[in-house]
Trainee: 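Okay, here's the structure, questions in a sec.
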Amino acid sequence: MPWTLPALALLLAGAAPLPPTAAPVAADKGGPIAPADIMRLHDMRDVEMSPDGRTILFTVQPQMATFGPEQRTIWSVPTDGSAPARRFVTSAGADDTPRWSPDGSSIAFLSNRKNPLSGGADTGFEFKPDVSAGPGAPVDATPPTAPAASGEPSRQLWVIARDGGEATPLTALPGDIADFAWSPDGTRIAFLSADPDTPAEKADRAAKRDWVEMDKTRHVTRLWILDLASHAARRVSPANVSVSNMAWSPDGKRMAVRVTDTTAINEYFYHSRIALFDPISGTVGKTLIEHAAEGPLWSPDGTAILGSEIRTPGFIGIGARVYDLTTDMLSALADDHPGLLTQVRWSADSRSIVALSFEQTRSKLVRIARGTGRVTPLAQLDGEASDITASRDGRRLAVSLSTPDRPADVWTIDGARVRPVTTINPQVATWKLGQVRQISWTNSRDGKAIHGVLVTPPGYVPGTPIKTVVQIHGGPEWAWWSGWLGSWHEWAQMLATHGYAVLLPNPRGSDGQGTAFARAVGNDWGGMDYQDVLDGVDMLVARKIADPARLGIGGWSYGGFLSAWAVTHGDRFKAAVVGAGPTDMTAMARITDTPDFTTGYFGEPSAHLADLDGVSSVRLLDHVHTPVLVLHGEQDTRVPVTLGLEFYRGLKLLGKPAEMVRYPREPHWFHEPEHQADIQRRVLAWFDAHL
C-alpha cells in the first residue's frame, strides 16, 4: 500500500497546504522514520517450497501492504539458509505466483512480460484445439489467442527450469490468468481466466454504448486445462459459474473447485461454494462446503476435501471444514478454538491439518487432528504470519513472518526452532524503532479482557506522559499484531519515532479471541467496542504513558467509522483522521458492493433502519469540536466516497474544523505510491499540528 504524487494533482476539498515534513536526520542515521523511508520498503509473499524441501521461492514487490503493484520479482533461497537469497525470475513487469512442478524440475509462474506468442514467433508451442475431450463434452475447444494490441500486457503462464535460464511462455490469452495448478503427474496445468469481450462487446465499447446494467453477470472466470505434450488448451468449465480456486485429485482424474453463480464481489466473499468437478464432462457436482472462504485442498490420500467456511454471513470469521468423500459427511474442526485459523494445509499423512492460528496479537503454527479437531501448538511465532509452505513429506516448513523489528521475511520452522533465511529490508536494522509490545486491559462495564499493541518512542522513559494516537484497525473483524507496523495504512512505527505513543487496540469484534468475541459487535458498532477502546486509553493515562490533553484517534475503514464515532461522542480526542469511514450506515447498507457485510451485522436495512441510523455518526455532526481530516478514494465501491463527502461537507456547513482529500482512481485499498506516501505525510502533519 505505497506512492508519491504532487499535492496539486490531488482533488482537494478545502485541504490546507501540506507543510514539509522532511526529517533533519535520516532514519538510517538514527533519525525518525519518514514516509519516504516506508515507501522504500519491500514486501514479500507467494512463499513456495520445492517438493524435496531444499529450495524456497517467493515474490518480492516494492510496495508494502498493497495489491497489484506494477513490478514484482521471484526470488530463491536455500531452505537451510546456506546461501543468501537471489533473484531467480525478473523482468520489467510483474512476475509472481511461482509453483513447482511435481517432480521439482521446473517452475511455472505468471508474468505480464512481453510475450513472443502474441507476436506469432516460433516458440515450439502450437496452440490448437484439444479434440481429446470426448464426445458430448461441453467444452470450448478454443486455442488461447493473442492479447488485443491496444490492451495492457496480460498475465500469462510461463515455465522455467529449476536451474534457471530462459523462461518459456505457455499461453497468450486475451486476458489475465488468475491462478493455476499443476496436475499430479506434471503433464497438464489447469488455469483460470475470465472470458474475453466478444466482437459485439468491443464494438459497443468503441461506440460508447458502454452503459452498465447492475448485477448482470458477464465474463465469468473459466477453468482451462493445458496439455503440455500437445500444447493444446481447452476451456472445460461451464459458462454458468465463475471459478475462483481449483485443486486436482491425487490421481489426476477429478478436481474440486470453488465457484459462484455470478461475478459479483459480494458473491465471491460470502456465497462461494466448494464442489467436485469432472474436467472431462465439464460437470460441476454437488456442493460440499457452503460459504467457502479458503480451499479446496484435496487430501494426499484422496479421501477428503479441506476448506474453510464463513460461519456467519457478513462476518469474515471462518471455520475449518473437512468433507469426507468416503462417508459423504462434512465435519467442522475446532470451532471453539480461541483464535483465527487460516492457511489450512493437509499434513503428508492426511490424518491432520497444519494451520496458522492468530491469537490475541500473535501467530502460532498449530496442528489440527482430522478426527477430533483437537488443536496442538507446534511453534510460537513472534509476530504475524501470512503464509505456510511445506516439503512434500511435510518435514520442512516455512512461513512468511513479520516481527516487531522487521517487515516480512521467509522464516523456516524446525520443531520449535524458528529462524529467518532472508533479509529483504536490511536497512531497517539501522533504524531506531519504537518498542512494540502486547498489552491487555479489562472492559470497565463487563470485565472482558481486551488485548492490543502499544508502540512507544525509541528511548521512551516509562512514566512520562506523551502525546498519544489511538489507531483503530479495519474490519471490524480484523486485528492488530505484535509485528511490523509500518506501511501506508499502518502508522505506528512512523508516529512512534516522531515522539508518539501509539495504542493499537483489538476491541470486541476483532480476531484473536475466537468467534464469539468477533461476533460480539453484531448490531452494536460504537457500543461496547468503543468502550473497550476508551478503557485502553484510560489504562495508558493511569500508567502515565498517555497525556490526556494530547490524544488523537484515526484509522481506515472500520477504523474510520470508530474515529468518526469518537469525535461525535465527546471532545476527549483533540485530532482525528477518518480514512474511508462508513459514517452513514443507513446509506452504506444499500450502496456498498458487499451488502451481505452490513446485513450480517445489522440485518436487512429496511427492517433495521433505526439500528443503522443509531450508529451513523453523520447524524451527530453538531457534537463535533475536534479537527477532523477525511481521506477517501474516489473509486471506492466498498465504502463509497459519498460517505466521506457527506461527513466532511456536513461538518463544513456547521462551521466545524474539517479538511478532506479525495484520491483519484483509488479503491478502498489504495494502490498508487504517490497517494500512499501522501496519506502518511498528511497523517503525521495533522497530528503534529493538533497534538
Trainee: Identify, with sequence neighbours excluded, every residue that meets side chain to side chain contact (heavy atoms under 4.5 Å, CB included) alongside Ala390.
Mentor: Leu397
Trainee: Could you go step by step and tell me if Leu356 and Leu381 meet the side chain to side chain contact (heavy atoms under 4.5 Å, CB included) rule?
Mentor: CA-CA 10 Å; Leu356 293 175; Leu381 307 177; 4.1 Å; yes
Trainee: For Leu691 and Leu551, which heavy atoms make the closest approach, and how far apart are they?
Mentor: CD2-O, 3.5 Å
Trainee: Got Thr73 and Trp75 here, is their nearest side-chain heavy-atom distance under 4.5 Å?
Mentor: yes
Trainee: Are any non-hydrogen side-chain atoms of Val436 and Gln493 less than 4.5 angstrom apart?
Mentor: yes
Trainee: I want to check something: taking the side chain as every heavy atom from C-beta on, are Phe670 and Thr66 in contact at a cut-off of under 4.5 Å?
Mentor: no
Trainee: Taking CD in Gln71 as the centre, count heavy atoms belonging to other residues, nucleotides or ligands within less than 6.0 Å. Is the count above 12?
Mentor: yes
Trainee: Using 0.5 Å steps for rounding, measure from the OG1 atom of Thr389 to the CD1 atom of Ile413.
Mentor: 11.0 Å
Trainee: With Arg543, which residues qualify under side-chain hydrogen bond (donor to acceptor under 3.5 Å, both in side chains), at least two apart?
Mentor: none
Trainee: Could you check if a side-chain atom of Leu57 sits within less than 4.5 angstrom of a side-chain atom of Asp46, using non-hydrogen atoms only?
Mentor: no
Trainee: Step by step, would you call Ile38 with Glu490 a side chain to side chain contact (heavy atoms under 4.5 Å, CB included)?
Mentor: CA-CA 10 Å; Ile38 297 295; Glu490 298 152 0; over 6 Å; no
Trainee: Which pair of non-hydrogen atoms, one from Pro35 and one from Ala677, has the smallest distance, and what is that distance?
Mentor: CB-O, 4.0 Å
Trainee: Could you give me the CA-CA distance, side-chain angles and deciding distance for Thr55 and Ser76, then say whether side chain to side chain donor-acceptor pair (under 3.5 Å) is met?
Mentor: CA-CA 7 Å; Thr55 306; Ser76 171; 5.3 Å; no
Trainee: Has Asp387 got a side-chain atom pairing as donor or acceptor with Val47's backbone, closer than 3.5 angstrom?
Mentor: yes
Trainee: Do Arg258 and Asp179 sit within salt-bridge range, that is, some charged N less than 4.0 Å from a carboxylate O?
Mentor: no
Trainee: Scan residues 26-40 for pairs that pass side-chain hydrogen bond (donor to acceptor under 3.5 Å, both in side chains), counting only residues two or more places apart or in two chains.
Mentor: Asp37-Arg40
Trainee: Please check if the side chain of Trp100 supplies one atom and the backbone of Glu48 the other of a donor-acceptor pair under 3.5 Å.
Mentor: yes
Trainee: Report yes if the side chains of Thr497 and Pro458 come closer than 4.5 Å at any heavy-atom pair, otherwise no.
Mentor: yes
Trainee: His291 side chain to Tyr270 main-chain N or O, any donor-acceptor pair under 3.5 Å?
Mentor: yes
Trainee: Please report the shortest heavy-atom distance between Ala27 and Ile33, naming the atom on each side.
Mentor: CB-CA, 4.2 Å
Trainee: My understanding is that only residues two or more places apart in sequence, or in another chain, count here; which of them pass side chain to side chain contact (heavy atoms under 4.5 Å, CB included) with Asp382?
Mentor: Arg362, Pro404
Trainee: For the residue pair Trp525 and Phe597, categorise the inter-ring angle as parallel (less than 30°), tilted (30 to 60°) or perpendicular (more than 60°).
Mentor: perpendicular
Trainee: Using the side chain to side chain contact (heavy atoms under 4.5 Å, CB included) rule, take Gln343 and Glu294 through it: C-alpha gap first, then chi angles, then the decisive distance, then the call.
Mentor: CA-CA 8 Å; Gln343 295 289 313; Glu294 287 185 313; 4.2 Å; yes
Trainee: Are side-chain heavy atoms of Phe58 and Ser400 found at a separation under 4.5 Å?
Mentor: no
Trainee: Hey, does the side chain of Tyr460 reach the backbone of Gly434 with a donor-acceptor pair shorter than 3.5 angstrom?
Mentor: no
Trainee: Just checking, is any N or O donor in the side chain of Asp636 or Tyr663 under 3.5 Å from an acceptor N or O on the other one?
Mentor: no
Trainee: How far apart are the closest heavy atoms of Tyr558 and His473, and which atoms are they?
Mentor: CD2-O, 3.4 Å
Trainee: Of the non-hydrogen atoms in Asp678 and Arg682, which two are nearest, and what is the gap between them?
Mentor: OD2-NE, 2.6 Å
Trainee: Applying side-chain hydrogen bond (donor to acceptor under 3.5 Å, both in side chains), name anything that partners Asp95, two or more places apart in sequence or on another chain.
Mentor: Ser91, Ser111, Arg113
Trainee: Once you round to the nearest 0.5 Å, how far does CG of Asp349 lie from CZ of Arg370?
Mentor: 10.0 Å
Trainee: I'd like to check the side-chain hydrogen bond (donor to acceptor under 3.5 Å, both in side chains) partners of Ser444; sequence neighbours left out, ordered by chain and number.
Mentor: Gln531, Asp535
Trainee: Locate the shortest heavy-atom distance separating Ala385 from Leu401; write the atom from each residue and the value.
Mentor: N-CD1, 3.8 Å
Trainee: Please report, to 0.1 Å, the donor-acceptor pairs under 3.5 Å made by any side chain of residues 502-509, with sequence neighbours excluded.
Mentor:
{"residue": "Asn506", "atom": "OD1", "partner": "Trp480", "partner atom": "N", "Å": "2.7"}
{"residue": "Asn506", "atom": "ND2", "partner": "Gln360", "partner atom": "O", "Å": "3.3"}
{"residue": "Asn506", "atom": "ND2", "partner": "Trp480", "partner atom": "O", "Å": "3.1"}
{"residue": "Arg508", "atom": "NE", "partner": "Asp532", "partner atom": "OD1", "Å": "3.4"}
{"residue": "Arg508", "atom": "NE", "partner": "Asp532", "partner atom": "OD2", "Å": "2.8"}
{"residue": "Arg508", "atom": "NH1", "partner": "Asp446", "partner atom": "OD2", "Å": "2.8"}
{"residue": "Arg508", "atom": "NH2", "partner": "Asp446", "partner atom": "OD1", "Å": "3.2"}
{"residue": "Arg508", "atom": "NH2", "partner": "Asp446", "partner atom": "OD2", "Å": "3.3"}
{"residue": "Arg508", "atom": "NH2", "partner": "Asp532", "partner atom": "OD1", "Å": "3.0"}

Trainee: Hey, what do you get for CD (Glu359) to NE2 (His337), rounding to the nearest 0.5 Å?
Mentor: 4.0 Å
Trainee: What distance do Phe358 atom CZ and Lys364 atom NZ have between them, rounded to the nearest 0.5 Å?
Mentor: 12.0 Å
Trainee: Main chain of Leu631, side chain of Trp556: is a donor-acceptor contact present, judged purely on distance under 3.5 Å?
Mentor: no
Trainee: Suppose we screen for side chain to side chain contact (heavy atoms under 4.5 Å, CB included). Which residues come up paired with Val354, at least two apart in sequence or across chains?
Mentor: Leu365, Arg367, Ile388
Trainee: Can you give each donor-acceptor pair under 3.5 Å made by side-chain atoms of residues 465-472, sequence neighbours left out, with the distance rounded to 0.1 Å?
Mentor:
{"residue": "Thr468", "atom": "OG1", "partner": "Ile466", "partner atom": "O", "Å": "3.0"}
{"residue": "Gln471", "atom": "OE1", "partner": "Trp491", "partner atom": "N", "Å": "3.3"}
{"residue": "Gln471", "atom": "NE2", "partner": "His489", "partner atom": "O", "Å": "2.7"}

Trainee: Just to verify, what does Phe687 make a ring-ring contact (aromatic ring centres under 6.0 Å, His included) with, not counting sequence neighbours?
Mentor: none
Trainee: Taking side chain to side chain contact (heavy atoms under 4.5 Å, CB included) as the definition, give me every residue that meets it alongside Ala332, ordered by chain and number, with sequence neighbours left out.
Mentor: Arg321, Asp335
Trainee: Let me confirm one number: the CH2-CG distance from Trp441 to Asp538, rounded to the nearest 0.5 Å.
Mentor: 11.0 Å
Trainee: More than 12 heavy atoms of other residues, nucleotides or ligands under 6.0 Å from CZ of Arg162: yes or no?
Mentor: yes
Trainee: At what distance, to the nearest 0.5 angstrom, does CD of Gln61 lie from CD1 of Ile424?
Mentor: 10.5 Å
Trainee: Can you tell me if Thr412 and Thr79 form a side-chain donor-acceptor pair at under 3.5 Å?
Mentor: no
Trainee: Side chains of Ser402 and Trp481, heavy atoms from C-beta outward: is any pair under 4.5 Å?
Mentor: yes
Trainee: Can you confirm whether Asp414 sits close enough to Arg419 that some side-chain heavy atom of one is under 4.5 Å from a side-chain heavy atom of the other?
Mentor: no
Trainee: Mark yes or no for whether His671, through its side chain, and Phe67, through its backbone, hold a donor-acceptor pair below 3.5 Å.
Mentor: yes
Trainee: Going by side-chain hydrogen bond (donor to acceptor under 3.5 Å, both in side chains), name the residues that satisfy it together with Arg72, two or more places apart in sequence or in a different chain.
Mentor: Asp96
